[in-house]
Structures are given as structure tokens and as C-alpha cells.
Amino acid sequence: MALSRDQIAQRVALELQDGYYVNLGIGIPTLVANFVPDGMEVMLQSENGLLGMGQFPTEAEIDADLINAGKQTVTMATGASIFDSAESFAMIRGGHVDLTVLGAFEVDVNGNIASYMIPGKLIKGMGGAMDLVAGADNIIVTMTHASKHGESKLLTNCSLPLTGKGCIKKVLTDLAFIEIKAGKFHLLERAPGVSVEEIVKLTAGELVVPEHVPEMQF
Amino acid sequence: MALSRDQIAQRVALELQDGYYVNLGIGIPTLVANFVPDGMEVMLQSENGLLGMGQFPTEAEIDADLINAGKQTVTMATGASIFDSAESFAMIRGGHVDLTVLGAFEVDVNGNIASYMIPGKLIKGMGGAMDLVAGADNIIVTMTHASKHGESKLLTNCSLPLTGKGCIKKVLTDLAFIEIKAGKFHLLERAPGVSVEEIVKLTAGELVVPEHVPEMQF
Amino acid sequence: MAGFNKVVNSYEEAMAGLTDNMTIISGGFGLCGIPENLISEIKRKGCKGLTLVSNNCGVDDFGLGILLPDRQIQKIVASYVGENAEFERQMMSGELAVELTPQGTLAEKMRAGGAGIPAFYTATGVGTPVAEGKDVRQFNGREYILEESITGDFAIVKAWKADKFGNLVFRKTARNFNPMAATAGKITVVEVEEIVEPGELDPDEIHTPGIYVNRLIKGTFEKRIEQRTTRPAGE
Amino acid sequence: MAGFNKVVNSYEEAMAGLTDNMTIISGGFGLCGIPENLISEIKRKGCKGLTLVSNNCGVDDFGLGILLPDRQIQKIVASYVGENAEFERQMMSGELAVELTPQGTLAEKMRAGGAGIPAFYTATGVGTPVAEGKDVRQFNGREYILEESITGDFAIVKAWKADKFGNLVFRKTARNFNPMAATAGKITVVEVEEIVEPGELDPDEIHTPGIYVNRLIKGTFEKRIEQRTTRPAGE
């Protein structure tokens, strides 16, 4: 069965390591914070200028001067630091963030990602997404494997305008965990109960399937 | 008579304006701080990361963590701020300093300046001088008009490697105050008791001499 | 003599000299740390044909969004927009030009503008619509695009505290784009919650040195919250 | 698990992994704010063929100068050198390569290195020996040269205080090149006068966030003064 949003987040969380500085995008990526393994410490970077994002505030703690990149009120974790936007993106662009998790509309076999605009529809902008995909070495894209109409989002060539070129190496969908290398998708894991055939059918770009494809463990 | 070092500094100080942020180089330029007109406030920038340099410390005030660009122990003036070297040169390169005063070996009619190396002699480096001459709009060069051997330092073309190209518009020597524009030196003022003829003789580059050349007033 | 005292006593004085068709750089992220009252003064003055450089463009009735109904903004350079209906309408109809710029590139363009760096290379945007018409160059085997700096006729900034000399301290994530904006205006105007005497701020803790600040005014702020997210007390 | 605790307990551990021919970026201006003990550890280790990137190169018996007698430095990138006799001897004889870089360009090269900016344009050095071999380009009618960023295998930094997570606070002009150096090392090692618990530093007053810091050690410092200038008490 396809993973729920929480399950996607849960599987991503297994890629965390102790002492990681992590930037989580809006949507499913945000949920990853809920599944940090016990005894492991990670620090969340919010690109509006906060390293060490804490949980949401109580009513009494709300501070209009303390928000995250999604414009939500937040708190600071112990050991947090505050900086300006140039410093924040120096951190991101300079490759100092250990893991970035973000959503996408499409990815392709060359590691291209399209995530910010659909021509003809209202364009809101890329925010920090282009900087994040260009700056990070270690990125996990989370998305549904296919559209509601069954159209694959894992393509030979992205059809939408790109957010980044050749940046993506790991994709976690509701059906599979996929690595991108040498111009091909590689199937690493399948969601529990999801067949390799179903994944193959819904992957438009070339997919390398090893003899044994393990089910995801949580 | 040729101006003393203090007199050069005193004449430069008349170019100050209230509220000016000023960077003073090592040597004669440093002395300018002693001649700030009464009731006028200027703030000294030291390129190692201090805006609002104060006087030298007393023995009791000495702090190894507080020096100026000449590596001298200093104090901070009221309202001073501290920043890193990148920010300091952002300030300088970005043209935020109102006046820069620095020494030179040679200047020429095109506003070129040579101040940091004499081939064959020990080269210590340009420090912040290249940034200062490239970044400031308003620069006054202070130097002796000619060498001890009577060789002019105001040339058609600098003979030494340049510190900056086309940067200099004002030169105050021990003999004259000179403006550089449109590829020529222009004699603005002469030191008290110094004749126009003497200045002409010691100026190698083309010098425009107006009918009346006033004596400097202090 | 005035010396380094940057304090002005009215918003009219704070924005004096702003005229039609100027470029204004604004601090703020979403509605956090925006120069609320300086924006209101721009609305009151009614200047038109403005180019705004700001990460976002406010909401319908707050922040830079209030400059939309009177068509004061001709162009906006931003990373993320469209949080309000009038903005969408003007953008879709072509009345408002929008230059989308990646957030980090936007921050760096402002910093470069203030720092006398006319252009820099970045990997951000390579192979995307952002790269169109820009120089591409390889360094160490990777492609980068050339991005030019931004400066403004005015910069409008919100800080927390200042001394009279214009030394600024920001508070929490209301810092965001404000320090870079402060460096990039020909005239930089700052509004703050509190003005103290010179010497009261620790020189080591000043975020923006007063050299960048031309005018300073004390204001009162609504500080509207966009996404009020909370957890239950006791958790 | 170690989490974000960056504290190491010996200078040997602090500089572990440094080998011959590596590039080291160092903070400090003159003898102010230099990582004294990290430099001593480099001398003790005896690594050779090093490239040092630092505004200055210390004096004969203090600062980076102590690496000269054993010929550990192969090349230095600096803005101002030659405050010591052995340095001059090695430079004049060609044993030591010296790449003179304008001070502001050097600071910006370090910052760019840490910030993922491979190169930037600056007017500094146009028409001078510094411009030799570099691209020249016009922006708004003025010439600029292209300068490439610098990164190091190690960065060595002196801060005043840190929390265990490596969040740093600098003191007065001992800040200088240290914050940029901290961002530009593959491994950034910081020595400080005091280490406090996470949460004890005000997040708004942290100069360098801990994300840039790999190792942290508490040291004691001589803090030698180069030019001891004073005024009489009572003036």
C-alpha cells in the first residue's frame, strides 16, 4: 500500500544522523521533525535566519518576531542562533547544511528537479528552493510517485521549468525509495505491500531494478 | 616654506565635514585626527574592524584585543561599532566612507597612485590600500612633493607599480594642494611662502596654474 | 552641528526626497520585520512607478501590499509573491512586472550592492528560467551563473533598537533581509522600537554599524502574524 | 551520542588529520585574535609544504612566524607581510612563495569560499600587479577584475567565548578575519577563552553559528601586543 504522508516522513527520518544540520521544506518534509529517532540530535535550519528551530509556541510564547520559513510562529531550541538572510544562504549555498528535504512536481533521470512553477498557472516564486537544491550535497525529494491521474512524476526529462539541474540523487515517493545515478533511476526499496511491477509501471524514466528489492523498514 | 607633517595634517583637516566617516592611513594621515575643528564630529574607521576609533589607551586601559589597522593599541569612541574584516571592506569598497586620507610614493595626471612597492626592495604588501583607493570617492593623498634628491613625485605616468588606477583627485604635498582632473594637475593652493615657480619646477606632470594661486589658510 | 545624530521626528521627514520611478529596497520576510510605517508613508505620499526589491510583497491590507491598490508599484523583485488577490490580478493582467529571484541570490545581490561588488557567480538557478540571458561559467568543473548586484535610491529597514548614531540591533528572525537592505540604499531610512543614547549598545553586539544609516525614526508597530501556529500549553 | 558537542580535549585532537601540503586558513590581524595554540600545535606536528592563508604572517617568535624556521610553510597568501627577518630571508631567497592579496579582497575571498560563491568582481586592484592574468569586465562603465574564492582543508580560528555547540562570540577587534575563516575550512577548528553550556549565549548575539565549527577547544592565551601605544593617565 502507498505510504501515508507520515510514513514518508518516517522513512526519511531514518536517513538522519546524529549531529545533522537539516533544512526541511514545507509540507511532508516538515513532518520529518516528528520522527527524529530517540537519542539522536538534529538541528533544524530555517532559511529566514534561524538555526535551531524549536516546536510551535504556546499561546503565551507567541512572538511575531520569531517565525520559520513557512511564516509560522515557532520557538528556538537550546543552542539556537539567529542571522540575516545573506548569512543563512551562505550556509546553504556553501554546503554547510547536512541534509535538505523538499518536495517536487517532477524529477528526472539526470537529477533535474521541477518544483516551483507550472506555466499558465499562478506563479508564486521559488523562494529559497533554488538555493537549497543548488547548495546541498545531500538532498531527499519527497513526492507522490504519480499524479492522481496516474501520470508518472519520475521522468526521462522534466516537462516543467527546472528548479535545479543535476542536483537530486535521492527520491522518496509514496511507493518507493529511488536513487539517481549515471542517468538512471535505481530502485532501492519499495513501500510495504507495493509490487515492483506497480513501481515500474508508474516510473516513466529508465528504472534499474535489482534482483531483490527490499520492503522499507521503519 | 614647505609644510611640516603637522601642517599637512592640519590643512587636510579643513577638508573634513561634520558627520564624516573617515579612514586615515598610517603616517601623516594619522595626524589629521589631532586637527579636527572644534565642534565638529568625525568618526574614524579602522579597516581591521572598528568604526569609532578613540584615542590611545592609558596604561590601565590597554587591551590586546583592541587595536587599529597600524596594530597600535587604541580605545573606542562613544557610539563605536565592531565588525569583521569582510564587513569592514564592504563598507570601504561600497563607498560608505566619506573621506580617505593616505600616503603615496607617486601620483600621476591620470589619477593613478603608486604607494606599496618599489621593485627590488623588500615588498611588504598593499594591506588595505588597494581597497581604500578603489572604494572611496573622496580621497586625499598626502606626500612630499619631491624626493630628497629633488625628483618630482607628481608625474605624467607613475613609474612604480600602481596601487590604484584613476582613483585620485586630490593631493596635498608639503608645497601645494593639487587637484587632478581631465588628465592634468591643477594647482589650487600653495604652501605659505612657497612660490608658484618652485612648485612648477618640482611637478613633472602637466600642471595647470591659474592666474592667482592663493596661499593656504589654516 | 548635527554630527552623527540620525534621528528625524516625522515619517514625512524620514521619506523626504522619495519621488516617482525610484527603486526602493525593503527589509522583511513575509510580514516579519517589515518597515510598516515607512511603507504607510510611501502610500501616503502616493509616489508611482516604483520598483520594489523585497523578498515578498505583503498581503492585501498590510505590508507592501498596501501600495498595490493605487498602482504605486511598477515592478517588484522578489523570491515569493502572490499572497494577496490584488497582486495576482495586477501580475496576471501585466500591470505589475514581477522579477522572480531565488531568495539566497536576492539576499546576496543586496549585500553585494552595498559592498561594492558589481556581480558574483552562483550555482543557484543554473539550468532554470532564472539563468536566461545570464553568463554561464565553469569553476572547478561546475557551472555557475553571473548575478549582478542591486542598489536602491532608498532602503527602508525595520530594526529593534538603535542608538542615535544609527547603530542597529535586530531581534530574532525579524533580522532577515534588513541588514543587507540597510547597506544597499543611497538613502537608508530605519524605523525602530527604541532609540538609546550612543554608548548604550555594546559595540560587539551591533548588527549594522551606523555608517549605513541616513535617517532614523522611532515608531509603533502592529507586527501582524501570518501563520499563527501553536502547541497546547503544558506540552 | 555526541550530538552537537564540538569540544575536544587536547590540541593534538584539535588538529588531527592535518598533513603535509594542506591549505590552512587562519583568522587574526597582526598578532590580534590569532589562534596561538593551534599554530603551536602545527609547529609541534611538523607538517611541511603548507599553504597558509592569513592577513599577516606573525613575527619571528610568535604567531605564524614560528612555522618559518622549520620551513613548514611553502606558500602564504596575505595582504601584508615581512614583519620578521626569517620571513624576509625565505621570501627573498625564493624558498617561500608569497601571494600578496588586497586586504578586502582577501576577506571577501574567504567569505565567498564559505558561502559557495566561486568568484566575484571587484574594482580593487584594477590596473595594478594584482590584476595580472585576471579577467577584466565593465559594469556601469567601470572596470572590475574577477577574483576567485578561497577554501582550506583546515581553518584555524580564535574566538572569545563559545557554547559547546560551537556557537561563537568574538571580542573587540580580535574578531577581524576569524568569522570568515571559520566558514571556509573543510575542517574548522576553534580555540576560545571560555566554553559555556548551550543556551547561555543570546542567539541574537552569536557572531558565528556552530554549523561552521567542527572542533572546539579551550585554551590560554598570551595575546602579545605589537605596538603598545598609550597616552598618559589623566588626559
Side-chain angles (χ1 to χ4, degrees), chain B residues 46-50 53 55-76 80 82-93 95 110 112-114 116-117 119 122-135 161-167, chain D residues 27 29-33 55-56 78-83 88 91-92 98 100-108 110-112 122-131 143 160 170-180 207-208 221-235:
Chain B
S46 188
E47 63 262 31
N48 57 318
L50 168 60
M53 180 165 58
Q55 52 190 340
F56 291 143
T58 62
E59 255 325 301
E61 288 170 344
I62 280 184
D63 184 340
D65 286 342
L66 186 54
I67 65 169
N68 65 15
K71 282 127 190 172
Q72 298 171 311
T73 46
V74 292
T75 57
M76 290 188 278
I82 295 282
F83 32 84
D84 64 41
S85 301
E87 179 66 46
S88 182
F89 283 93
M91 223 171 255
I92 289 168
R93 204 191 302 105
N110 293 309
N112 298 324
I113 174 172
Y116 86 103
M117 79 181 268
L122 179 69
I123 298 158
K124 293 206 169 190
M126 68 292 284
M130 283 192 183
D131 307 278
L132 282 160
V133 297
L162 298 185
T163 307
K165 184 178 153 189
C167 306
Chain D
F29 181 94
L31 301 180
C32 182
N55 191 56
N56 314 93
S79 87
Y80 194 82
V81 294
E83 298 285 5
E88 289 181 23
M91 178 169 67
M92 297 309 258
V98 179
L100 290 175
T101 302
Q103 195 174 139
T105 298
L106 184 61
E108 194 66 16
M110 289 185 194
R111 179 190 177 271
T122 176
T124 300
V126 168
T128 78
V130 164
E143 286 185 341
W160 177 41
F170 301 93
R171 186 172 175 276
K172 301 187 179 173
T173 57
R175 193 182 319 181
N176 57 60
F177 281 82
N178 281 298
M180 286 79 66
H207 295 129
T208 293
F221 299 85
E222 178 184 336
K223 294 197 188 182
R224 195 182 294 185
I225 291 172
E226 250 171 299
Q227 305 283 340
R228 193 179 184 90
T229 46
T230 56
R231 71 176 198 282
E235 245 185 57

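Just so it is clear: chains get the letters A, B, ... in the order the sequence lines come, proteins before strands, and each one is counted from 1.
Formation of a donor-acceptor pair under 3.5 Å by the D/R175 side chain with backbone atoms of B/G49 is not found in this model. Of the possible donor and acceptor atoms, one in the side chain of B/T73 sits under 3.5 Å from a partner among the backbone N and O of D/T229. Put simply, the side chain of D/T230 never gets that close to the backbone of B/P57: no donor and acceptor are under 3.5 Å apart.
The candidate with the highest count of non-hydrogen atom pairs below 4.5 Å against chain D, out of B/A134, B/G127, B/S88, B/A80, is B/G127. Here B/A86 is the residue among B/G128, B/A86, B/C167 with the most heavy-atom pairs under 4.5 Å with chain D. No other option in D/A107, D/S79, D/G27 has as many heavy-atom pairs under 4.5 Å with chain B as D/S79. In terms of heavy-atom pairs under 4.5 angstrom with chain B, the leader among D/N176, D/T105, D/I225 is D/N176. Ranked by heavy-atom pairs shorter than 4.5 Å toward chain D, the options B/D65, B/I123, B/I82 are led by B/D65.
Proximity to chain D is limited to the side chain of B/E61, based on heavy atoms less than 4.5 angstrom apart. When heavy atoms are compared at a cutoff of 4.5 Å, D/N178 does not approach chain B at all. Looking at B/L132, neither its backbone nor its side chain comes within 4.5 Å of chain D, counting heavy atoms on both sides. In this structure, no portion of D/M110 lies under 4.5 Å from any heavy atom of chain B. Contacts between B/I67 and chain D at a heavy-atom distance below 4.5 Å involve backbone atoms as well as side-chain atoms. Only the backbone of B/N68 comes within less than 4.5 Å of a heavy atom of chain D; no side-chain atom from C-beta onward does.
Using a 4.5 Å cut-off on side-chain heavy atoms (C-beta onward), D/P129 and B/Y116 make contact. Contact annotation: the side chain of D/N56 approaches that of B/K71 to within less than 4.5 Å [non-hydrogen atoms, C-beta and beyond]. Using a 4.5 Å heavy-atom cutoff, the side chains of D/E108 and B/F89 are not in contact.
Between the CD atom of D/Q103 and the CE atom of B/M130 there is a distance of 12.5 Å, given to the nearest 0.5 Å. Put simply, CG on D/L100 and CE on B/M126 are 5.0 Å apart, with the number rounded to the nearest 0.5 Å. If you take CG on B/L162 and OG1 on D/T128, they are separated by 7.5 Å, rounding to the nearest 0.5 Å. Between atom CE of residue D/M180 and atom OG of residue B/S85 there is a gap of 4.5 Å, rounded to the nearest 0.5 Å.
A salt bridge links B/E59 with D/R228: the distance from a Lys NZ or Arg NE/NH1/NH2 to an Asp or Glu carboxylate oxygen falls below 4.0 Å. Checked for salt-bridge contact, D/R171 and B/D63 meet the test: a charged N lies under 4.0 Å from a carboxylate O.
When every heavy atom of D/P102 is checked against every heavy atom of B/D131, the shortest pair comes out as CB-OD2, 3.5 Å.
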